[in-house]
There are 2 protein chains.
Amino acid sequence: MSTPPASIAAAADEAAPRSRRGRPGYDRAQVLEIAVRLFNEQGYDATSVSSLAAELGLSKAALYHHFSSKEQILQIALDDALGGLEAVLEDALSGEQPTAARLVSVIQGAVRVLTSRLPQVTLLLRVHGNSEIERAALERRRIFDQRVAKLVAQAQREGELRSDIRPSVATRLMFGMINSLIEWYRPAHTSLTPEELVGDVTRVIFDGLRAR
Amino acid sequence: MSTPPASIAAAADEAAPRSRRGRPGYDRAQVLEIAVRLFNEQGYDATSVSSLAAELGLSKAALYHHFSSKEQILQIALDDALGGLEAVLEDALSGEQPTAARLVSVIQGAVRVLTSRLPQVTLLLRVHGNSEIERAALERRRIFDQRVAKLVAQAQREGELRSDIRPSVATRLMFGMINSLIEWYRPAHTSLTPEELVGDVTRVIFDGLRAR
DNA sequence: GTCTATAACGCGATAGAC
DNA sequence: GTCTATCGCGTTATAGAC
């Protein structure tokens, strides 16, 4: 966890304090936030630029001051989610560490990215390859999964993980559990903190639900 | 696992062998199968009755011979998925069994329902409450989850499951892993059989990935 | 320098008339 | 069944307000 990468939310948080110049209205980060929320609620395709403009109380044209296209909004949000996950992996793979520790870092980093960038990751996980941008995002996810699966395979060879489950299957089950957080985890509506969740997920993945 | 409940696919399999009478064409089960496939590929809302008719090579009017509405098709598919899951739970709760064994039955039964009715369950898990029917389905899912969570809580009290994780969280993580199967498990495209998967999932949920 | 509005374009899908 | 008018889509040009 060396360099927490920039996110949409972080950019908004940084920009908000310093007084803005020019005509008052939305800045890029604010528009992004609302757009991603709408994409998640209604689906990307089903969300028209008109409805986004209406939600913001803007004209359609005004949106094109902030973005060059509807797809660019999608692209930025997906980049944010994928970039966060990839940074977690890079971080875990760099430096001297036992394989098992690298895997712990990946799992915990992934949960932190999920919880801190819920809207962007939600969008990413719902993408189904309907356009070139979506297919590129799916491909990046595939590569990410493969790299984690390699880590799992190595941990199995080193005797750290059980070997009676294929690395690809173990990786998918693991991320199935992690990714499902987007379906129910709402930091605002629960007393479960992100760090408690990080601990719960790590324990269940490594040691399971059985009492010991 | 006493009475494997009827499913769309099962109905089709049974109907296929025995020679059909009357005018040749699609029967209800075949239409259902194609419709659910389209709903999953394009989304329910985005799939027009016209496009479904086109896919089948039928007129819209012919479709309404099989079904009274587009929503009815959705309803039947969701009922099929929910009915399967609920039957698994009823089965696990009936009879004399330790709580832990009940939980194993629920998990394994759920994986079997997922793998044997992938299209219907996929549809169920993608529903987002956009209509009365979808909201009713979500409510049935919620009740199912709650009943399983009660089972988890009881298993914790009996010392069978670890108690350092809330029952609701444990249940969600568990079903997060199970439900994620719809994202990648394709019986036709892999050498992993459903029963191997049942075993893998059960082991990971109870004992985790760590070597022992 | 930053944000927004009016007006209109080309295009594909869809619905209604025939 | 085919044709066509219409609509809504993402997008653009231009200009004005803070």
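Below, read A as the first sequence line, B as the second, and so on, with proteins coming before strands; counting in each chain starts at 1. Heavy atoms only: backbone and side chains are in, while hydrogens, waters and symmetry mates are out. Quick caveat, the model's predicted, so the values are computed rather than measured.
To the nearest angstrom, P of D:dG8 lies 18 Å from CG of A:L52. In this structure, A:L56 atom CG and C:dC3 atom C1' are separated by 13 Å, rounded to whole Å. Per the geometry, CD belonging to A:Q42 stands 11 Å off P belonging to D:dC9, to the nearest Å. Rounding to whole angstrom units, CG of residue A:L63 and C1' of D:dC9 are separated by 14 Å. For the pair A:D45 CG and C:dA13 P, the interatomic distance rounds to 13 Å; values are reported in whole Å.
A heavy atom closer than 4.0 Å to some atom of DNA chain D occurs in A:S68, A:S69, A:K70, these being the qualifying members of residues 67-74 of chain A.
Counting only N and O atoms by type, the side chains of A:S94 and A:R102 include no donor and acceptor under 3.5 Å apart. When only modelled atom types and interatomic distance are considered, A:Q156 and A:S163 share no side-chain donor-acceptor pair under 3.5 Å.
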Distances for protein N or O near nucleotides 4-10 of chain C N or O, under 3.5 Å:
residue, atom, partner, partner atom, Å
C:dT4, OP1, A:Y26, N, 2.9
C:dT4, OP2, A:H66, NE2, 3.0
C:dA5, OP2, A:S59, N, 2.9
C:dA5, OP2, A:S59, OG, 3.4

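In terms of modelled atom types and a separation under 3.5 Å, the side chain of A:Q146 and the main chain of A:R142 share no donor-acceptor contact. Using modelled atom types, no side-chain atom of A:R162 and backbone atom of B:L209 make a donor-acceptor pair closer than 3.5 Å. Put simply, the side chain of B:E134 gets close to the backbone of B:N130: a donor and an acceptor are under 3.5 Å apart.
Backbone-only contact: A:S50 has heavy atoms under 4.0 Å from sugar-phosphate atoms and none from a base. Nucleic acid contact class of A:T47 (heavy atoms, under 4.0 Å, all strands): sugar-phosphate only.
Taking 4.5 Å as the limit, every side-chain heavy atom of A:T99 sits out of range of all side-chain heavy atoms of A:E160. With contacts defined as side-chain heavy-atom distances shorter than 4.5 Å, the pair A:Y44/A:R126 does not qualify.
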Could you list the donor-acceptor pairs under 3.5 angstrom formed by side chains in residues 167-175 of chain A, with sequence neighbours left out?
residue, atom, partner, partner atom, Å
A:T171, OG1, A:P167, O, 2.7

